[in-house]
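Reading through the structure tokens given below for one structure.
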Amino acid sequence: MHDPFYDLFPKREDAPILAGKTALLTIDMQYLDAHRDGWVGRVAKAAGKEEILEPRWQAIDASLPNIRAVQDAFRKAGQEVIHVKVAYRTEDGRDAGLAYMPTADLESAARDERDDDLLPEVAAQGDEMVFSKTSASVFSTTEIEKVLHRMHIDHLVITGLVTDGCVELSARDATDRGFKVTLVEDACTASTPEAHNDAIQRMTDGGFIAARSAKDVVAEVEGLSP
């Protein structure tokens, strides 16, 4: 829902995408949670409830070309493309903590090595950085903030999943830390369209976080010089 408090102020302008100051983040696009055969899909299958995640898989399938288009535009323009994934230090994920994962005794499917791998359609290329986290927000359990500051990055363009979870918490943490944030709304996904739309509305209310289409972002990035 909209907070009318923000109606007392002029609408914020979306931050421009500037060469050398903007990085693209792709969050959690890995087999673990973004592929039907990954751990999330195996949990649903073990529970006999595969159908409840079908909207999630369809949304991911639809988002992959948009994520890749934005990645390729950043690459062609010589701008930073950064990847974020979940990667535990333990086999049962107990190092992630109860706030992020169920306890090991409640899990109905074991993880496998491929769960850590990024989906090939949107995987890292060359020396693109990959940050491994054990929390919902990438800022909580990685050194990404220090790295971004060292590279003089002050604007993050975000894609990935889930919109109402790791994407939202990472976006809000980034904003809290003074970064400009742009969500590529058709390159982010959730388990249901309603969860996705609600999260976009929450995050953009007040204008602190912007939401734009992949087509618009690609068009702006294509105007940058490598």
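Worth saying up front: this structure is predicted, and the values here are computed from it rather than measured. Below, each value reflects all heavy atoms present in this structure, side chains not excepted, and no hydrogens, waters or symmetry copies.
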Counting only N and O atoms by type, is there a donor-acceptor contact under 3.5 Å from the side chain of K133 to the main-chain atoms of F139?
-> no

Under 3.5 Å donor-acceptor, Q79 side chain and G20 backbone = yes

Sub-3.5 Å donor-acceptor pair from the side chain of S170 to the main-chain atoms of V138, do we have one?
-> yes

By ring-ring contact (aromatic ring centres under 6.0 Å, His included) - contacts of H35 (at least two apart) = Y31

Salt bridge (charged side-chain N to carboxylate O under 4.0 Å, His left out) partners for E143, two or more places apart = K146

How is the hydrophobic cluster of V130 composed, in terms of its other members, when Ile, Leu, Val, Met, Phe, Trp and Tyr link through side-chain heavy atoms under 4.5 Å apart, directly or indirectly?
-> L118

Please answer whether the main-chain N or O of G206 pairs with a side-chain N or O of D3 as donor and acceptor at a distance below 3.5 Å.
-> no

By side chain to side chain donor-acceptor pair (under 3.5 Å) - contacts of S191 (at least two apart) = R56

Do I82 and I153 have side chains that get closer than 4.5 Å, going by heavy atoms?
-> no

Dump the intermediate steps for side chain to side chain contact (heavy atoms under 4.5 Å, CB included) on L156 and L148, then the final yes or no.
-> CA-CA 9 Å; L156 300 179; L148 293 171; 3.8 Å; yes

Look at the side-chain heavy atoms of Ile, Leu, Val, Met, Phe, Trp and Tyr, link any pair under 4.5 Å apart, and say whether F131 and V122 land in one connected group.
-> no

For P16, which residues count as a side-chain contact (heavy atoms from CB on, under 4.5 Å) partner, sequence neighbours excluded?
-> L18, E220

By side-chain contact (heavy atoms from CB on, under 4.5 Å), which residues pair with T175, not counting sequence neighbours?
-> V181, F208, I209

In plain terms, say whether D72 and K76 are close enough for a salt bridge, that is, a side-chain N and a carboxylate O under 4.0 Å apart.
-> no

Applying side chain to side chain contact (heavy atoms under 4.5 Å, CB included), run through W39 and D33 and close with a yes or a no.
-> CA-CA 6 Å; W39 179 77; D33 56 355; over 6 Å; no

Verdict with reasoning, T182 to D14, per side chain to side chain contact (heavy atoms under 4.5 Å, CB included) | CA-CA 8 Å; T182 298; D14 292 348; 5.9 Å; no

Are M129 and E80 close enough that some pair of their side-chain heavy atoms sits under 4.5 Å apart?
-> yes

Side chains of Q30 and D115: closer than 4.5 Å at any heavy-atom pair?
-> no

Not counting sequence neighbours, which residues clear side-chain contact (heavy atoms from CB on, under 4.5 Å) with A214? List them please.
-> N66, V70, V184, D186

Under the ring-ring contact (aromatic ring centres under 6.0 Å, His included) test, residues paired with F74 that sit two or more places apart = none

Give every residue pair that meets the salt bridge (Lys or Arg N to Asp or Glu O under 4.0 Å) criterion with at least one member in residues 118-130, sequence neighbours excluded.
-> R75-E128

Do M29 and R68 have side-chain heavy atoms sitting under 4.5 Å apart?
-> no

So with a 6.0 Å cut-off around NZ of K45, is the heavy-atom count from everything else above 12?
-> no

Intermediate values then yes/no, side chain to side chain contact (heavy atoms under 4.5 Å, CB included), D173 and E145 = CA-CA 10 Å; D173 272 0; E145 182 176 7; over 6 Å; no

Nearest-0.5 Å distance, SG of residue C166 to CG of residue D28 | 4.5 Å

Is a donor on one side and an acceptor on the other found under 3.5 Å between the side chain of H196 and the backbone of E185?
-> yes

Does CD in E113 sit with more than 12 non-hydrogen atoms of other residues, nucleotides or ligands closer than 6.0 Å?
-> no

Not counting sequence neighbours, which residues clear side-chain contact (heavy atoms from CB on, under 4.5 Å) with A199? List them please.
-> T163, D164, E168, R202, M203

With sequence neighbours left out, the residues meeting salt bridge (charged side-chain N to carboxylate O under 4.0 Å, His left out) with D112 are R42

R36 with E54: basic N within carboxylate O range, under 4.0 Å | yes

Using salt bridge (charged side-chain N to carboxylate O under 4.0 Å, His left out) as the criterion, list what pairs up with R12, not counting sequence neighbours.
-> none

Do Q201 and D205 touch side chain to side chain, with heavy atoms closer than 4.5 Å?
-> yes

Cluster link V162 to L53, ILVMFWY, side chain under 4.5 Å = yes

Distance-only, no hydrogens or angles: does the E50 side chain make a donor-acceptor pair with backbone N or O of A44 under 3.5 Å?
-> no

